[in-house]
Asker: 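Next up is a structure, given as structure tokens.
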Amino acid sequence: MSEAFLKTRPNPVKTEEVIEFVKRTGHLDKPLTIDKSSKVLKDGYRRYIVAKTMKMDKVPVIYEYQK
């Protein structure tokens, strides 16, 4: 995860909306995007935080390749 992510906190209202979605459906609304070579989270920080908060064992992931 990049340093920029580590210094920010996602909007609590939007985060709660994602938590409620997971409670209702049992899964995230969209996958996390991870850079394939560096393993860095590129998109989905809020979903990552929610998955950790909800102690989810598995989450959908899309691997992105650098061009």
Side-chain angles (χ1 to χ4, degrees):
M1 196 172 335
S2 78
E3 290 290 320
F5 279 141
L6 295 174
K7 294 178 182 172
T8 62
R9 292 285 174 251
N11 178 312
V13 172
K14 290 182 180 180
T15 301
E16 189 59 36
E17 289 172 2
V18 177
I19 288 172
E20 289 304 316
F21 180 86
V22 171
K23 286 180 180 176
R24 282 194 318 273
T25 66
H27 58 83
L28 295 174
D29 57 340
K30 289 175 24 181
L32 305 177
T33 303
I34 297 175
D35 180 89
K36 181 74 171 169
S37 59
S38 68
K39 308 291 189 267
V40 171
L41 180 66
K42 303 300 274 183
D43 184 49
Y45 182 58
R46 181 184 333 280
R47 295 184 300 279
Y48 170 79
I49 294 295
V50 168
K52 285 185 61 94
T53 301
M54 303 292 293
K55 297 181 172 45
M56 298 176 77
D57 291 333
K58 296 180 182 179
V59 296
V61 172
I62 293 175
Y63 287 102
E64 192 175 77
Y65 294 90
Q66 291 289 4
K67 296 176 179 123

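What you see is a predicted model, and the numbers here were worked out from it, not measured in a lab.
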Asker: Looking only at heavy atoms, what is the nearest atom pair of Lys42 and Asp35, with distance?
Answerer: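 Residues Lys42 and Asp35, closest heavy atoms: CG-N, 3.7 Å.
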Asker: Output the distance between atom OH (Tyr45) and atom CG (Leu32), rounded to the nearest 0.5 Å.
Answerer: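 The CG atom of Leu32 is 12.0 Å from OH of Tyr45, to the nearest 0.5 Å.
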Asker: For the atom pair NZ (Lys30) and CG (Leu28), what is the distance rounded to the nearest 0.5 Å?
Answerer: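 The NZ atom of Lys30 sits 11.0 Å away from the CG atom of Leu28.
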Asker: Taking Lys39 for the side chain and Lys36 for the main chain, is one N or O donor matched with an acceptor at less than 3.5 Å?
Answerer: yes
Asker: Can you confirm whether Val59 sits close enough to Arg47 that some side-chain heavy atom of one is under 4.5 Å from a side-chain heavy atom of the other?
Answerer: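 The answer is no; the side chains never approach within 4.5 Å.
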Asker: What's the spacing between Ile34 CD1 and Glu64 CD if we round to 0.5 Å?
Answerer: 10.5 Å
Asker: Should Phe21 and Met56 be regarded as members of a common hydrophobic cluster, given that ILVMFWY residues are connected when their side-chain heavy atoms come within less than 4.5 Å of each other, either directly or indirectly?
Answerer: no
Asker: Quick one: ring-ring contact (aromatic ring centres under 6.0 Å, His included) partners of Tyr63, sequence neighbours excluded?
Answerer: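 Listed in chain order: nothing, the list is empty.
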Asker: Strictly by salt bridge (Lys or Arg N to Asp or Glu O under 4.0 Å), give each pair with a member in residues 13-27 just once, sequence neighbours left out.
Answerer: Glu20-Lys23
Asker: Going only through I, L, V, M, F, W and Y residues with side-chain contacts under 4.5 Å, is there a path from Ile62 to Val18?
Answerer: no
Asker: Taking Arg46 for the side chain and Asn11 for the main chain, is one N or O donor matched with an acceptor at less than 3.5 Å?
Answerer: yes
